Amino acid sequence: MEQEPRVNVIILKQDYDEENEILMTTRKFRIKNESPFFVRKIFGLDYVEFIETSEIDLKKKTVKIHGENISYRKLAATTEDSVYRVDPE
C-alpha cells in the first residue's frame with residue numbers, strides 16, 4: 001500500500017506579467033499533522049492545509065509571500081506575510 005507523502009503541494013494558479021517581469025503563484029499545501037495523537041484526536045485533523053500566494057518581482061529583485069491557514073479556521077485564523085530583498089552589498 002502506497003503511503004501518502006508528508007507534504008503535498010498543488011499549484012492552483014500561476015501568471016507571469018511580461019511587461020513588469022512579475023511571476024505570481026498561488027499554491028495549496030497539505031502537510032501531515034505529526035502532533036501527538038491526543039492533539040490530533042481533539043482537533044480531528046490528520047493534515048494541516050494552507051494557501052500561499054507569492055509574487056516574484058524580477059525588476060525590483062523582491063519576493064513577497066502571503067500565507068493563511070485553511071484548516072483550524074474555526075479555532076484560529078493564521079496569516080503570515082514576508083518580503084525578501086537582495087542584499088545591496
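Counting from 1, the numbers follow the sequence of the chain as shown. Both backbone and side-chain heavy atoms feed into the values below; hydrogens, waters and symmetry mates do not. Computed from a predicted structure; not experimentally measured.
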Colleague: Rounded at 0.5 Å granularity, tell me how far CZ in Arg6 sits from CZ in Arg30.
Modeller: 13.5 Å
Colleague: Report the C-alpha distance between Thr25 and Gln14 in whole Å, list the side-chain angles of each, state the deciding distance to 0.1 Å, and finish with yes or no for side chain to side chain donor-acceptor pair (under 3.5 Å).
Modeller: CA-CA 4 Å; Thr25 306; Gln14 191 166 52; 3.0 Å; yes
Colleague: Looking at side-chain heavy atoms only, is the closest gap between Ile22 and Glu55 below 4.5 Å?
Modeller: yes
Colleague: When clusters are formed by joining ILVMFWY residues with side-chain heavy atoms under 4.5 Å apart, either directly or through shared neighbours, do Ile70 and Ile10 land in the same one?
Modeller: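 Ile70 clusters together with Ile10.
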Colleague: Side-chain contact, heavy-atom cut-off 4.5 Å: Glu52 with Phe29?
Modeller: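 Yes, at least one pair of side-chain atoms sits under 4.5 Å.
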Colleague: Contact between Asp17 and Asp15 at the side-chain level, heavy atoms closer than 4.5 Å - yes or no?
Modeller: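 With C-beta onward as the side chain, the pair stays apart.
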Colleague: Show the numbers, then the answer: is there a side-chain contact (heavy atoms from CB on, under 4.5 Å) between His66 and Glu80?
Modeller: CA-CA 6 Å; His66 172 81; Glu80 180 178 353; over 6 Å; no
Colleague: Please say yes or no: joined through hydrophobic side-chain contacts below 4.5 Å, possibly via intermediate residues, are Ile11 and Tyr16 part of one cluster?
Modeller: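 As far as the 4.5 Å side-chain criterion goes, Tyr16 and Ile11 are not connected within one cluster.
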Colleague: Of the options Ile65, Leu23, Thr26, which is the one that meets Ser54 in a side chain to side chain contact (heavy atoms under 4.5 Å, CB included)?
Modeller: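 Of the listed options, the one satisfying the test is Ile65.
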Colleague: Which heavy atom in Tyr47 sits nearest to a heavy atom in Lys32, and how many Å separate them?
Modeller: CD2-CA, 3.5 Å
Colleague: Grouping I, L, V, M, F, W and Y whenever their side-chain heavy atoms are under 4.5 Å apart, do Val7 and Phe50 come out in a common cluster?
Modeller: yes
Colleague: Report yes or no: does Asp57 contribute a side-chain atom to a donor-acceptor pair with the main-chain N or O of Lys59 at less than 3.5 Å?
Modeller: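 Pair found, side chain donor or acceptor close to backbone of Lys59.
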